[in-house]
A.B. asks: 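Below are the structure tokens for one structure; questions will follow.
Letters A, B, ... mirror the listed sequences (proteins, then strands); counts begin at 1. For clarity, every value in this text was computed on a predicted model and none was experimentally measured.
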Protein chains: 6
Amino acid sequence: MPRIDAPIEEFRHLRPSVTEPEDFDEFWSTTLREARSLAAPPRLTPIDSPLSSFEVYDVTFSGFGGEPVLAWLVLPTGATGPLPAIVEYVGYGGGRGLPHERLAWAASGYAHFIMDTRGQGSVWGSGGGTPDPHGSGASVPGFMTRGIADPHDYYYRRVFTDAVLAIDAVRSLAQVDASRVAVCGGSQGGGITLAAAGLSEGLVAAMPDVPFLCHFERAVGLTGSDPYEEIVRFLSVHRGAAATAFRTLSYFDGVNFAKRATAPALFSVGLMDPVCPPSTVYAARNHYAAHADIVEYEFNEHEGGQGVQWQRQAEWLAARAAVL
Amino acid sequence: MPRIDAPIEEFRHLRPSVTEPEDFDEFWSTTLREARSLAAPPRLTPIDSPLSSFEVYDVTFSGFGGEPVLAWLVLPTGATGPLPAIVEYVGYGGGRGLPHERLAWAASGYAHFIMDTRGQGSVWGSGGGTPDPHGSGASVPGFMTRGIADPHDYYYRRVFTDAVLAIDAVRSLAQVDASRVAVCGGSQGGGITLAAAGLSEGLVAAMPDVPFLCHFERAVGLTGSDPYEEIVRFLSVHRGAAATAFRTLSYFDGVNFAKRATAPALFSVGLMDPVCPPSTVYAARNHYAAHADIVEYEFNEHEGGQGVQWQRQAEWLAARAAVL
Amino acid sequence: MPRIDAPIEEFRHLRPSVTEPEDFDEFWSTTLREARSLAAPPRLTPIDSPLSSFEVYDVTFSGFGGEPVLAWLVLPTGATGPLPAIVEYVGYGGGRGLPHERLAWAASGYAHFIMDTRGQGSVWGSGGGTPDPHGSGASVPGFMTRGIADPHDYYYRRVFTDAVLAIDAVRSLAQVDASRVAVCGGSQGGGITLAAAGLSEGLVAAMPDVPFLCHFERAVGLTGSDPYEEIVRFLSVHRGAAATAFRTLSYFDGVNFAKRATAPALFSVGLMDPVCPPSTVYAARNHYAAHADIVEYEFNEHEGGQGVQWQRQAEWLAARAAVL
Amino acid sequence: MPRIDAPIEEFRHLRPSVTEPEDFDEFWSTTLREARSLAAPPRLTPIDSPLSSFEVYDVTFSGFGGEPVLAWLVLPTGATGPLPAIVEYVGYGGGRGLPHERLAWAASGYAHFIMDTRGQGSVWGSGGGTPDPHGSGASVPGFMTRGIADPHDYYYRRVFTDAVLAIDAVRSLAQVDASRVAVCGGSQGGGITLAAAGLSEGLVAAMPDVPFLCHFERAVGLTGSDPYEEIVRFLSVHRGAAATAFRTLSYFDGVNFAKRATAPALFSVGLMDPVCPPSTVYAARNHYAAHADIVEYEFNEHEGGQGVQWQRQAEWLAARAAVL
Amino acid sequence: MPRIDAPIEEFRHLRPSVTEPEDFDEFWSTTLREARSLAAPPRLTPIDSPLSSFEVYDVTFSGFGGEPVLAWLVLPTGATGPLPAIVEYVGYGGGRGLPHERLAWAASGYAHFIMDTRGQGSVWGSGGGTPDPHGSGASVPGFMTRGIADPHDYYYRRVFTDAVLAIDAVRSLAQVDASRVAVCGGSQGGGITLAAAGLSEGLVAAMPDVPFLCHFERAVGLTGSDPYEEIVRFLSVHRGAAATAFRTLSYFDGVNFAKRATAPALFSVGLMDPVCPPSTVYAARNHYAAHADIVEYEFNEHEGGQGVQWQRQAEWLAARAAVL
Amino acid sequence: MPRIDAPIEEFRHLRPSVTEPEDFDEFWSTTLREARSLAAPPRLTPIDSPLSSFEVYDVTFSGFGGEPVLAWLVLPTGATGPLPAIVEYVGYGGGRGLPHERLAWAASGYAHFIMDTRGQGSVWGSGGGTPDPHGSGASVPGFMTRGIADPHDYYYRRVFTDAVLAIDAVRSLAQVDASRVAVCGGSQGGGITLAAAGLSEGLVAAMPDVPFLCHFERAVGLTGSDPYEEIVRFLSVHRGAAATAFRTLSYFDGVNFAKRATAPALFSVGLMDPVCPPSTVYAARNHYAAHADIVEYEFNEHEGGQGVQWQRQAEWLAARAAVL
């Protein structure tokens with residue numbers, strides 16, 4: 001696949017102008033305050049699994065609207081004392097999967113918390129099971145345009161709120177050292193990571209891989225790949241809706257969250273990525289308000305660094321949230 | 001595209017066995033009773049349009065849960081006395097569009113009522129605008145698996161209820177002769193037509209074109225085309241969910257509605273249709289409880305007969321709901 | 001689909017240089033004079049249809065070489081006095097279809113005349129039936145390279161002549177006010193519209209939608225989509241034929257017709273259109289000799305504005321050819 | 001590509017029923033008589049080429065309607081005495097190309113005559129240049145549906161007549177032994193070979209490779225590949241035209257020519273051929289009235305045996321038309 | 001994707017006839033004897049990784065020809081006493097990857113040994129690094145036709161020998177209980193699993209998932225997907241080579257290994273699998289000489305059961321090689 | 001297919017900077033010296049063929065490592081005195097094919113020598129049969145990444161050496177005038193032609209058509225087409241290997257050979273070529289150290305000029321290596 005984006009030299013150091021609504025902070029502080037007011041403590045059910053090296057818990061915590069969201073919590077067996085924790089968000093269409101599928105963080109001494117994505121979890125892998133009990137106006141199949149007419153109704157308002165409350169839930173656990181929590185995820189998970197980094201305080205690190213949901217005004221129409229293309233399809237039918245839609249999206253743009261982040265970050269980017277074009281990743285990284293490293297994968301598409309990036313993360317994170 | 005289905009000789013006269021739940025009738029009578037109990041009279045707003053030959057109304061009527069559903073009502077200008085009416089349902093992903101896009105029925109002397117499909121209307125044409133204010137469990141992008149875990153939650157429970165209440169709404173109009181109402185639609189609109197035909201009484205005709213939503217047990221996995229393939233994707237991730245999903249689908253199978261229909265029908269089928277394989281159309285037609293004609297388009301795919309089929313319908317219908 | 005064209009800023013106000021043969025006007029005046037000398041009055045056969053709101057006529061008029069060309073004439077039933085008229089040309093591969101398929105103009109009080117495209121009408125919809133009784137040299141399947149070795153033999157010489165004589169035919173009708181005739185069409189129909197606008201006098205309006213057949217020197221090779229790509233295929237085999245072919249095409253370039261137009265125009269363009277790249281549409285619009293508005297559809301491909309554009313046209317036209 | 005046809009066991013020895021019009025022989029004898037009455041002797045222009053091993057002539061001979069058809073005649077330099085000759089027909093979309101592209105037959109001591117295909121020669125290779133000065137009714141891009149409404153107007157009536165008159169022309173040459181003429185070709189060229197074999201007398205051999213234009217009633221709709229699919233597209237728009245079209249095609253079906261052939265034949269077939277499904281090739285071979293060998297290429301698609309098949313032909317032919 | 005295989009009822013209980021060479025056992029006993037005679041003890045290098053829950057070793061063991069083959073050995077940290085072991089083979093194009101990518105078996109108390117596939121490891125994931133220091137005759141890009149002219153030269157002779165010697169190497173380790181070794185793998189890894197099961201003695205279990213390399217005579221040409229299609233491409237060029245190629249393949253057919261297996265097996269199969277058609281999987285399973293369970297994934301393609309199947313395996317294996 | 005490369009104006013006269021290793025000349029002189037030290041005289045076996053105009057020899061000559069490489073030698077029958085010779089190299093995936101497939105050069109009075117490409121010859125046409133008895137490290141299916149970790153092991157080291165020794169072999173033949181040898185080939189054959197032109201002395205001409213293997217640093221990642229894309233795939237898995245790989249490739253870059261060429265050259269280029277982007281062809285041509293003509297095919301993709309280019313070559317070559 002030929003590169004679709006501009007040459008890397010044109011954006012590696014660019015901080016493009018990205019629309020930010022005036023009431024961005026108020027919108028989110030109100031949203032989070034309401035959600036937190038409805039939250040109950042997380043429920044942990046130990047799972048009987050063959051994974052004797054780990055303790056696995058099926059978790060239900062309170063997300064947006066106090067609604068139940070599923071997660072896995074995986075801990076190294078026999079850990080004593082509070083552990084540093086990693087909250088992971090997953091890619092578009094996927095769910096929390098099965099606990100044995102992601103063991104590397106827990107095997108490295110972290111409490112690993114994998115959040116299900118509400119409504120998703122039916123397209124690849126072993127899926128998820130968290131409902132999204134909210135309808136929407138006319139929308140394109142997928143999640144990108146659900147509620148796009150109003151930021152209060154937009155699907156990712158609920159998901160990002162879940163993501164922040166997942167951190168709250170993790171911090172409330174006895175097994176976790178609340179002062180050492182990091183967030184990570186790839187693609188959509190990377191976009192959620194940025195939202196969490198911009199909306200949570202006191203994180204020790206954020207590790208967005210090939211993040212989605214950044215610089216919508218550039219991404220939508222630049223790439224012909226889903227999920228950004230869902231928005232193109234919507235706007236091709238709702239021909240007068242662009243201004244409204246992009247206004248809504250500005251409340252959810254990873255660039256705007258990046259501007260508010262306080263934890264150091266490790267990004268990754270695939271320079272041939274047709275799904276999350278690299279210039280949109282750099283837009284978020286270059287606006288990131290705290291220290292932000294980035295690993296470039298020159299010949300990779302959206303798969304990015306895969307297991308190699310995990311090695312980079314584990315090493316990078318050790319200095320920031322080291323297991324004692 | 002080569003034919004994917006069995007040779008026509010194998011199913012043209014076949015009435016395949018299709019699962020029907022024991023409480024099918026109770027499920028639907030309860031569903032409709034509840035919806036009707038919440039219904040308000042339709043609101044008609046005359047539209048100022050250049051279409052001087054027609055009177056156009058923007059309609060909002062009560063659908064499932066008393067929720068507002070949009071429609072267009074188009075009447076020939078200057079009609080005196082109640083008209084026979086046609087209620088039309090639209091194809092997957094589309095909406096009611098714009099009133100000038102479908103004028104042939106009204107031009108032939110019918111009151112033409114085009115129902116928007118809740119939540120859809122964003123994929124092609126000029127779209128729609130009816131919300132579907134109901135969330136769902138984990139689902140595949142699209143509408144086929146929303147709420148598939150339980151027939152009460154399934155998306156098409158709401159759509160089919162809307163379809164029946166659209167007929168109620170039309171019959172309540174002064175401009176319409178309530179005893180001469182027909183239903184029609186292509187693809188998904190054909191599947192809804194069958195549901196309406198099975199759930200409404202006293203219709204004068206049903207005209208399902210290349211109907212979708214028929215004989216799920218055969219269709220799912222036979223064709224690799226969406227929307228049936230959405231269900232395959234769902235089951236490929238939710239690996240143990242097939243029995244539950246097909247049980248839900250049995251409440252919505254066009255074959256089961258066909259068994260209950262009382263109005264004469266005119267079907268159409270494309271013998272090379274990869275989206276709605278012809279054997280699944282014949283399954284509904286051959287189980288149809290009233291008289292059912294069918295027009296075969298031997299060399300057509302899912303587009304079927306298009307304008308040619310409308311001519312067949314107009315002629316066929318004239319004898320059943322003739323404009324006086 | 002990613003955009004294939006240059007950024008809109010680069011061509012929105014550009015008037016590119018386009019080759020124009022010295023004898024362009026003489027070529028066309030001779031062509032039209034000859035055709036008109038062979039023309040007989042149009043024959044109108046009333047059609048018995050269910051469309052009681054309209055009178056429908058099956059028309060045969062004299063086109064290029066005096067050869068018969070089919071058309072539909074649709075009038076609102078009961079119209080008194082001459083009507084303003086709209087002559088519509090159709091897209092590549094299609095034909096005049098069936099009269100009930102395009103009723104909006106007649107429903108708005110216009111005499112609507114839909115011209116069949118000779119030789120075409122077999123690829124989509126319900127087709128056409130006008131022969132093109134002229135052979136050609138070696139050509140690529142399709143119509144773009146038939147007779148391309150000489151402008152006198154080129155296929156579109158015949159089609160554009162048909163288009164002008166269609167206007168003559170319409171003006172000759174008792175039901176029509178010859179001083180209020182407009183032309184329109186989408187894609188190929190838009191290209192024919194431009195030719196008609198450049199070759200006919202006294203039109204009240206031209207409404208080319210996403211017009212094809214403009215700025216060949218840029219379009220051929222810019223897009224990989226048919227029908228422009230037919231010319232690429234031809235030149236890839238006939239490796240020395242480019243100069244001859246582009247000379248022929250210069251007699252048929254919408255840009256050269258635009259330079260000669262006298263009626264106000266309403267263009268439309270899809271900014272993501274891979275079939276008729278937007279810069280080629282702007283080339284015609286920016287060279288248009290009379291007033292020319294244009295509607296941009298930012299997120300649409302070749303479908304452009306569809307029904308939305310018709311609404312724009314109907315409103316725009318009302319001030320120019322208003323039904324009294 | 002998976003096989004699309006029935007298992008080979010089902011048709012290797014099958015002689016399917018194929019429609020044959022009653023006046024088939026009369027149609028063709030009249031057609032050929034008329035064409036021959038208009039024929040002039042072939043004109044041979046020696047070409048100055050670097051091919052010192054061969055004498056090359058640019059030939060124009062009289063085909064259908066006395067119309068000029070191009071060909072190459074290639075002879076081994078210094079041949080003395082009349083040579084056995086091979087008339088070759090080319091595949092769909094191609095032309096006679098350049099004389100240096102096909103030298104093997106002349107290098108083996110044959111007079112090699114390569115006929116251009118009228119109207120074609122613009123899609124691959126180095127093309128052709130014979131016009132087809134006949135128009136047609138509405139048709140699908142391509143040649144398969146030109147004039148399909150009437151066998152007298154059908155495109156292949158002209159091509160097959162050209163093919164027979166090419167043999168006449170070759171036999172009239174001083175350099176050729178008129179009693180030792182063979183015909184060959186691949187794909188469309190194979191279909192023309194069958195027509196020539198059924199319509200010419202006294203040929204010494206016919207060598208159709210992966211022949212097209214056989215058993216239309218089975219082929220059309222069995223494969224989704226062009227060119228057979230052109231007919232499907234035509235019938236999908238002209239929905240009532242199937243009976244007329246297949247009646248026309250029955251005058252041009254390779255099976256009906258095979259029934260009349262008198263020269264021994266060497267067929268080839270690709271068992272994975274999606275363009276000319278093997279069962280349609282076997283239909284012609286199994287109906288072939290003279291001795292007919294066939295070479296199966298089990299793992300080949302439409303390319304068949306390529307150079308390997310030529311070796312088989314050269315060996316097979318040596319015993320029948322041996323160079324002395 | 002529509003199913004390409006026969007209906008499941010036709011092969012679920014079928015034991016098709018599959019060619020087996022007379023000297024199959026001799027071929028393999030000689031091959032293994034030679035390889036073992038060249039083998040040196042495995043070298044284990046402990047890896048410094050963040051995976052504190054596991055001990056990871058970079059392993060080099062002697063494969064075919066005494067050539068070095070890479071592997072990972074992963075053990076639960078702090079295990080005392082010999083562990084049951086699992087030898088895993090990987091899918092086509094992949095390599096051993098990185099040790100943190102597959103932790104579930106070690107986390108369940110097994111010594112987990114992941115063998116690199118010689119020459120591969122460059123197409124997906126994080127790859128591999130074992131050379132295959134053997135050239136080949138003319139071959140299709142890929143590994144399926146390297147050395148296909150002679151079973152002694154065939155690529156999989158080396159890979160299968162590596163696979164058996166991997167088991168030898170594992171059994172030689174102090175950390176492993178040599179009497180409790182199982183083999184597993186998916187796709188190509190499943191085919192290698194079958195080879196290992198047929199060629200090794202004393203295994204406690206074999207778990208081939210969606211195995212490739214089974215029933216070549218049926219698979220080659222049934223599916224159009226790589227890698228089986230590599231063989232089709234080879235045979236389409238080397239037109240006389242089929243008999244030789246299939247003779248070679250018969251020494252490597254999973255069905256023939258299955259006939260010789262002694263360990264109980266747990267298969268899996270995707271009923272919509274276009275890469276390893278389900279009938280070819282059933283051919284191996286139904287010929288399997290020991291007890292063989294199979295898990296069907298009705299709506300899955302080649303991905304099969306993924307994480308769900310691992311859960312089935314872990315449970316199934318516990319009774320056979322239980323961690324004490 | 002839209003053009004993927006920069007506009008022609010940007011590179012038609014550009015001499016881009018291309019990495020050249022310091023020891024390039026030493027590497028190749030050592031390589032060739034070693035190979036020549038192992039070379040035996042070519043063996044010619046006359047072939048009994050029907051091609052009476054030509055003498056055909058099945059040739060085996062010594063290539064890299066003294067290893068046997070196949071070729072065809074075709075001479076005009078009855079030639080007296082030494083002939084000028086043409087050594088031809090073939091495109092990726094192909095082999096020497098069959099001798100009757102390429103007769104034009106011999107028919108023009110040249111001794112024509114067609115070299116098989118080791119290991120290839122299994123993807124198209126009638127193939128080849130020269131083994132490549134060298135293994136490699138982990139590589140992507142195909143030949144582009146075999147041995148890419150070290151220039152000594154790289155696949156094309158062997159092929160280019162074969163190419164130079166083919167010239168040696170041809171010059172040693174009694175039938176050939178050693179002072180009049182030219183080289184040619186298309187695509188990969190064009191890349192090999194450049195290597196031969198840079199590494200051999202005293203050639204009279206080099207004729208690379210649409211050459212592959214030029215300016216790797218630009219080509220890899222510019223086009224998404226194989227075979228360049230094989231390298232992208234490799235680097236996407238071996239994420240740290242780019243520097244090493246491009247260092248290896250710099251020993252094999254057609255640009256670096258072009259800088260050393262002494263024979264006049266005739267290049268060709270397809271300006272729409274997505275496989276060998278035109279800027280990479282121009283990079284070689286503009287660095288070519290001797291006179292270099294180029295023929296542009298503006299509307300061709302990778303097929304370039306085909307038979308037309310042969311005519312250009314034959315005429316161009318006549319002045320340089322004329323047959324007496």
A.B. asks: Any side-chain heavy-atom pair from F:Pro50 and D:Tyr110 closer than 4.5 angstrom?
C.D. replies: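 Answer no - side chains too far apart.
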A.B. asks: Within the distance-only criterion (no hydrogens, no angle test), does the side chain of F:His100 pair as donor or acceptor with the backbone N or O of D:Gly307 below 3.5 angstrom?
C.D. replies: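 It does hold such a pair.
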A.B. asks: Answer with side chain, backbone, both or neither: which region of D:Leu51 has an atom nearer than 4.5 Å to a non-hydrogen atom of chain F?
C.D. replies: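 Both backbone and side chain of D:Leu51 come within 4.5 Å of chain F.
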A.B. asks: Does CZ in F:Arg312 sit with more than 12 non-hydrogen atoms of other residues, nucleotides or ligands closer than 6.0 Å?
C.D. replies: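 It does not: F:Arg312 CZ has 12 such atoms or fewer within range.
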A.B. asks: Can any side-chain N or O of F:Ser52 pair as donor or acceptor with the backbone N or O of D:Ala107 at less than 3.5 Å?
C.D. replies: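 Between the backbone of D:Ala107 and the side chain of F:Ser52 there is a qualifying donor-acceptor contact (under 3.5 Å).
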A.B. asks: What residues of residues 123-130 of chain D make heavy-atom contacts with chain F at a cutoff under 4.5 angstrom?
C.D. replies: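 So the qualifying residues are D:Gly125, D:Ser126.
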A.B. asks: What are the two closest heavy atoms between F:Ala106 and D:Ser53, and how far apart are they?
C.D. replies: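 Reported closest heavy-atom pair: O-OG, 4.0 Å.
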A.B. asks: For D:Leu98 versus F:Val308, what's the shortest heavy-atom pair and its separation?
C.D. replies: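 D:Leu98 and F:Val308 have their closest heavy atoms at CD1-N, 3.7 Å.
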A.B. asks: What option among F:Glu303, F:Glu101, F:Gln311 has the most heavy-atom pairs under 4.5 Å with chain D?
C.D. replies: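 When all of F:Glu303, F:Glu101, F:Gln311 are compared, F:Gln311 has the most.
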